[in-house]
Amino acid sequence: MKNERLIINLILQDLKHNQLLSGLKKIGLEASDSHYLDILEIVAELMGVPKNLADDWGTLYVGFMNQAIYSETTKARKSEALKSFAKVCYGQLKQLIENTC
């Protein structure tokens, strides 16, 4: 798929951003409503998600974001683990599109 590396990096940044928002929420600083980055929409556009698949695709994407919040990694391996997680997310999103088309 065109722009694969770019898409994986966008997913990675969204994973990090969601972890940050989750951490802020844990300490009582609710920020999710005012700091939404629309990365899901950008990734969907780059991947060419068909309109009839948007809901299922979005559910899968958000599921990965939620899983990353609860992943336990050491500080030294966190970036490496999240990058691997972003690649898995990309692969499953791509597979969902390919299986539907």
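Because only heavy atoms are used, hydrogens play no part in the values below, and waters and symmetry mates are left out as well, while side chains stay in.
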- Task: Report yes if some heavy atom in the side chain of Asn66 is under 4.5 Å from a heavy atom in the side chain of Val62; otherwise report no.
- Result: yes
- Task: Evaluate whether atom CG of Asn52 has more than 12 neighbouring non-hydrogen atoms of other residues, nucleotides or ligands under 6.0 angstrom away.
- Result: yes
- Results of side-chain contact (heavy atoms from CB on, under 4.5 Å) for Gln92 - residues two or more places apart only: Leu60, Phe64, Val88
Identify each donor-acceptor pair in which a side-chain atom of residues 38-50 lies under 3.5 Å from a protein atom, sequence neighbours left out, and give them as a table.
{"residue": "Glu41", "atom": "OE1", "partner": "Tyr36", "partner atom": "OH", "Å": "3.1"}
{"residue": "Glu41", "atom": "OE2", "partner": "Tyr36", "partner atom": "OH", "Å": "3.3"}

- Over all atoms of both residues, closest heavy-atom pair of Leu96 and Trp57: CD2-CA, 3.6 Å
Could you list the donor-acceptor pairs under 3.5 angstrom formed by side chains in residues 6-18, with sequence neighbours left out?
{"residue": "Asn9", "atom": "OD1", "partner": "Lys83", "partner atom": "NZ", "Å": "3.4"}
{"residue": "Asn9", "atom": "ND2", "partner": "Arg5", "partner atom": "O", "Å": "3.2"}
{"residue": "Asp14", "atom": "OD1", "partner": "Asn18", "partner atom": "ND2", "Å": "3.4"}
{"residue": "Asp14", "atom": "OD2", "partner": "Tyr61", "partner atom": "OH", "Å": "2.6"}
{"residue": "His17", "atom": "NE2", "partner": "His35", "partner atom": "O", "Å": "3.0"}
{"residue": "Asn18", "atom": "ND2", "partner": "Asp14", "partner atom": "O", "Å": "2.9"}

- Who passes side chain to side chain donor-acceptor pair (under 3.5 Å) against Asp56, sequence neighbours left out? none
- Task: Could you pull out all residues at least two apart from Ser22 that satisfy side-chain contact (heavy atoms from CB on, under 4.5 Å)?
- Result: Lys26, Ile69
- Note on the structure: Value for CG (Leu24) from CG (Leu20), rounded to nearest 0.5 Å, stands at 4.5 Å
